[in-house]
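I have placed the structure first, in the form of structure tokens, so that the comments after it can refer back to it.
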Amino acid sequence: MVLFKKKDDIQRFITQLRQKNNKIGFVPTMGALHEGHISLVRAAREKCTIVVCSIFVNPTQFNDKKDLEKYPRTIEQDLALLIQNECDIIFYPEVAELYPDGTAQQPRFGLGPVEFILEGKYRPGHFQGVATVVSKLFSIVQPDEVFFGQKDLQQTKIIERLIETTPAFENIQMNIVPTLRTGNMLALSSRNTRLTAEQLALAPVIYETLQFLKNHIAKGDLSPVIEKATAMLEAKGLKTDYVAIANKDTLEAVTEWDGQTKLAGLIAAFLGEVRLIDNLILTD
Ligand code: PAF
């Protein structure tokens with residue numbers, strides 16, 4: 001495993017590997033790695049000859065400063081996990097390396113309507129920050145294949161849009177890896193480490209609620225099922241930002257279902273101070 005902190009150094013190294021016909025797989029992360037991230041590394045390992053992973057807590061995607069400060073940072077454990085799982089190259093830059101002119105002013109990306117709904121509504125500017133850093137990272141690593149988790153379904157739509165609309169990224173292949181869950185079906189997330197034992201016992205209600213949506217959607221008005229689902233979460237003390245049924249591809253809300261549009265269920269809810277998100281494809 002080789003670790004780089006400077007973009008010019010990693011770029012030079014990867015250019016040499018590419019010239020030897022290696023296929024470069026890239027897994028961008030913000031660290032605090034868990035098995036979910038490792039499943040992305042494994043997926044990259046299967047498809048690519050070189051696996052690159054970045055660890056960078058990106059300040060521009062946090063609309064809440066406190067959330068940025070509280071974001072878990074576990075670099076020693078992260079490096080050990082990546083070594084164990086045969087990651088070849090780690091990029092671990094400082095903020096100034098990726099944002100040499102500071103983080104205040106950034107160019108805007110045209111991400112389409114998906115930027116402003118769901119997470120975009122509750123975390124204004126979040127997806128601009130994601131697009132900004134991912135664009136920088138893609139330009140540095142120039143990967144053949146990139147790997148993102150379905151856990152952040154809306155983020156995968158943003159990245160797909162970024163790839164489609166950026167000529168320099170047109171050859172990048174997107175891979176979406178299924179969400180990894182605990183035995184009681186809580187989606188793995190770096191934020192889970194901030195939950196108390198009591199909250200950890202309550203958190204599986206999020207997946208139970210998604211399953212409830214899956215089992216109860218019916219043609220016509222979807223608002224009654226959404227109301228019941230919201231009540232399920234609130235009964236366990238969760239405070240919901242949204243419980244949504246959406247078009248699986250565009251993530252636009254579907255309130256009246258024609259029985260054919262492919263649907264996804266998406267939830268964002270607070271357990272105490274910790275904001276959790278999850279989603280489930282509701283129709284095949
Ligand atoms: O999903 C994440 O961890 C982050 O949003 C990403 C893609 C690494 C960009 O900072």
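Counting convention: from 1, in listed order, for ligands and their atoms alike.
Remark: Arg42 engages Glu35 in a salt bridge, criterion side-chain N to carboxylate O under 4.0 Å.
Atom numbering of ligand 1 starts at 1 in the shown order; those under 4.0 Å from a heavy atom of Pro28 are 8 (C). Of all atoms in ligand 1, numbered sequentially from 1 with element shown, those under 4.0 Å from a heavy atom of Thr29 are 8 (C). Residue Gln155 approaches ligand 1 through these ligand atoms, each under 4.0 Å from one of its heavy atoms: 1 (O), 2 (C), 4 (C), 5 (O), 7 (C). Taking a cut-off of under 4.0 Å to the non-hydrogen atoms of Phe148, the atoms of ligand 1 that pass are 7 (C). Which parts of ligand 1 touch Val133 is read off a 4.0 Å heavy-atom cut-off, strictly below it: atoms 9 (C), 10 (O).
For ligand 1, the polar-atom distance check against Gln61 finds a nitrogen or oxygen pair separated by under 3.5 Å.
Taking the six-membered ring where tryptophan is involved, the planes of Phe138 and Phe26 are perpendicular, since the angle between them exceeds 60° and thus also 30°.
By the criterion of a heavy-atom distance under 4.0 Å, neither the backbone nor the side chain of Ile159 is placed next to ligand 1.
Taking OG1 from Thr255 and CH2 from Trp257, the interatomic distance works out to 13.5 Å, rounded to the nearest 0.5 Å.
In terms of protein heavy-atom proximity, atom 3 (O) of ligand 1 is nearest to Met30 CG, 3.6 Å.
Just one of Lys6, Lys136, Lys5 meets the salt bridge (charged side-chain N to carboxylate O under 4.0 Å, His left out) condition when paired with Glu97; it is Lys6. Between Ile158 and the choices Leu111, Ile163, Val134, the side chain to side chain contact (heavy atoms under 4.5 Å, CB included) rule is met once, by Leu111.
Between the side chains of Asn58 and Tyr99, a donor-acceptor pair is found at a separation under 3.5 Å.
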